[in-house]
Amino acid sequence: MVMMDDPFDLLRPTTVTVRVSAKVNLALGVGSLAPDGFHPLATVFEAIGIYDEVTVTRREGSRITLTVSGADADQVPTDETNLAWRAVELVREEFASGWGQRGHGIDIHIDKSIPVAGGMAGGSADAAGALMAAAALCRATDSPEELQPLAAQLGSDVPFCLTGGVALGRGRGDRLAPVICRGRHCWVFATSNQGLSTPAVYRRFDELGGNPGGEAVSNDLISALTRGDLDAVAASLSNDLQAAAIDLRPELEQVLTVGREAGALAAVVSGSGPTCAFLVRDTAGAKKVSAAVSNLPQVHRTRTARGPAVGAQLLPGPVGSFA
């Protein structure tokens with residue numbers, strides 16, 4: 001009779017799927033380059049109802065594989081440079097005892113809907129999804145709070161992608177505090193025909209003089225979110241990286257202008273760009289703005305979504321599997 005070292009190994013899930021949200025920065029205050037090579041940040045994140053799904057599946061041996069489907073899948077790396085791959089490796093190291101006797105091999109599949117290289121944290125969201133899925137797969141934890149220290153090792157936006165909602169981020173954006181947000185926000189996002197390198201935008205930010213005043217977020221924005229005052233929220237949107245992004249990609253200015261002229265309450269570059277984000281009053285306003293900017297040759301596609309959205313979520317599945 002063959003004895004199993006772990007009699008519960010066969011009861012472990014074989015597949016876990018996690019849904020993750022995109023984000024937009026309602027405010028992004030960037031300080032001057034610090035000695036550690038990073039820029040201190042003060043930002044207000046909002047999770048947006050555009051989602052990727054990340055599925056991890058147990059396999060024999062130790063190999064990791066990664067496949068991608070969905071919008072712009074060909075632009076996503078499928079090797080160890082992908083943050084989702086690194087997230088799985090981190091979980092394997094951290095929770096080595098939780099994998100049972102069938103090895104540490106993992107197949108990762110990402111079904112993309114969040115724009116790639118668009119300043120909406122698509123890569124960070126996938127890392128958050130892979131982190132939660134892999135931790136749940138080895139029955140370590142599926143708690144976003146417990147995974148925060150690991151998320152911070154992967155990237156500045158990954159901790160927020162776990163929690164979702166609206167939050168104030170400081171440091172590198174990974175020190176989070178929830179922000180009360182009353183009401184819902186309707187957004188239009190205009191993606192670009194080509195991506196924009198985040199390191200290149202930060203370099204240009206420094207070349208343009210940086211931000212001698214240091215990182216900051218307006219109290220007016222926090223107050224407007226708490227009151228649910230949409231017009232005041234719109235008036236308080238800001239992005240210290242916007243000038244650098246437009247300097248590198250001047251055509252973004254026209255996209256912002258056309259969206260405002262079509263009735264957007266506010267228009268900003270999302271994060272480091274090149275996606276442009278338009279806050280609108282309602283669905284009718286979203287249709288007008290979307291129609292106007294979609295005619296521009298530099299716009300790849302437009303997306304309409306609402307926020308705030310939830311953070312990383314385990315999706316239900318059949319018995320014996322979380323997926």
For this session: Using modelled atom types only, decide if a donor and an acceptor are shared between the side chain of Gln242 and the backbone of Val269 within a distance under 3.5 Å.
Result: yes
Problem set entry | Backbone N/O of Asn219 and side chain of Ser223: donor-acceptor pair under 3.5 Å | no
Exercise. With a 3.5 Å cut-off and no angle check, do the side chains of Ser113 and Arg303 form a donor-acceptor pair?
Worked result: yes
Exercise. Relative to each other, are the rings of Trp187 and His185 parallel, tilted or perpendicular (30° and 60° limits)?
Worked result: perpendicular
Exercise. Between Asp240 and Val30, is there a donor-acceptor pair closer than 3.5 Å when you use the side chain of the first and the backbone of the second?
Worked result: yes
Exercise. Does Arg204 pair with Glu207 as a salt bridge, N-O distance under 4.0 Å?
Worked result: yes
For this session: Measure from the side-chain N and O atoms of Ser272 to the backbone N and O of Gly119, and report whether any donor-acceptor pair falls under 3.5 Å.
Result: no
For this session: State which residue, out of Leu137, Thr141, Leu131, fulfils the side chain to side chain contact (heavy atoms under 4.5 Å, CB included) condition with Val91.
Result: Leu131
For this session: Consider only side-chain N and O atoms of Thr55 and Thr17, and report whether a donor and an acceptor are under 3.5 Å apart.
Result: yes
Exercise. When Ser69 is tested against each of Lys112, Glu53, His109 for side chain to side chain contact (heavy atoms under 4.5 Å, CB included), which residue passes?
Worked result: His109
Problem set entry | Audit row: Asp36, Arg172, salt bridge (charged side-chain N to carboxylate O under 4.0 Å, His left out) steps and yes/no | CA-CA 11 Å; Asp36 64 1; Arg172 298 178 185 176; 3.4 Å; yes
Exercise. In this structure, are over 12 heavy atoms from other groups packed under 6.0 Å from Arg170 atom CZ?
Worked result: no
Problem set entry | Rounded distance [0.5 Å steps], SG in Cys186 versus CG in Leu230 | 9.5 Å
For this session: For Gln148 and Pro159, indicate whether the former's side chain and the latter's backbone hold a donor-acceptor pair under 3.5 Å.
Result: yes
Exercise. Should we count CZ of Arg63 as having more than 12 external heavy atoms under 6.0 Å?
Worked result: no
Exercise. Which of these passes side chain to side chain contact (heavy atoms under 4.5 Å, CB included) with Ile64: Asp79, Asn82, Val56, Ile108?
Worked result: Ile108
Exercise. Side chains of Leu208 and Asp247: closer than 4.5 Å at any heavy-atom pair?
Worked result: yes
Problem set entry | Aromatic ring pairing His39/Phe205, orientation class (parallel under 30°, perpendicular over 60°, tilted between) | perpendicular
Exercise. Any sub-3.5 Å donor-acceptor pair from Ser197's side-chain atoms to Ala200's backbone N or O?
Worked result: yes
Exercise. Taking 4.0 angstrom as the limit, do Arg301 and Asp72 come out as a salt bridge?
Worked result: yes
Exercise. Would a hydrophobic clustering, with Ile, Leu, Val, Met, Phe, Trp and Tyr connected at side-chain separations under 4.5 Å, put Leu225 with Leu279?
Worked result: yes
Problem set entry | Joint hydrophobic cluster, Trp85 plus Val20, side-chain heavy atoms closer than 4.5 Å | yes
Exercise. Does any donor atom in the side chain of Ser192 or Gln194 lie under 3.5 Å from an acceptor atom in the other side chain?
Worked result: no
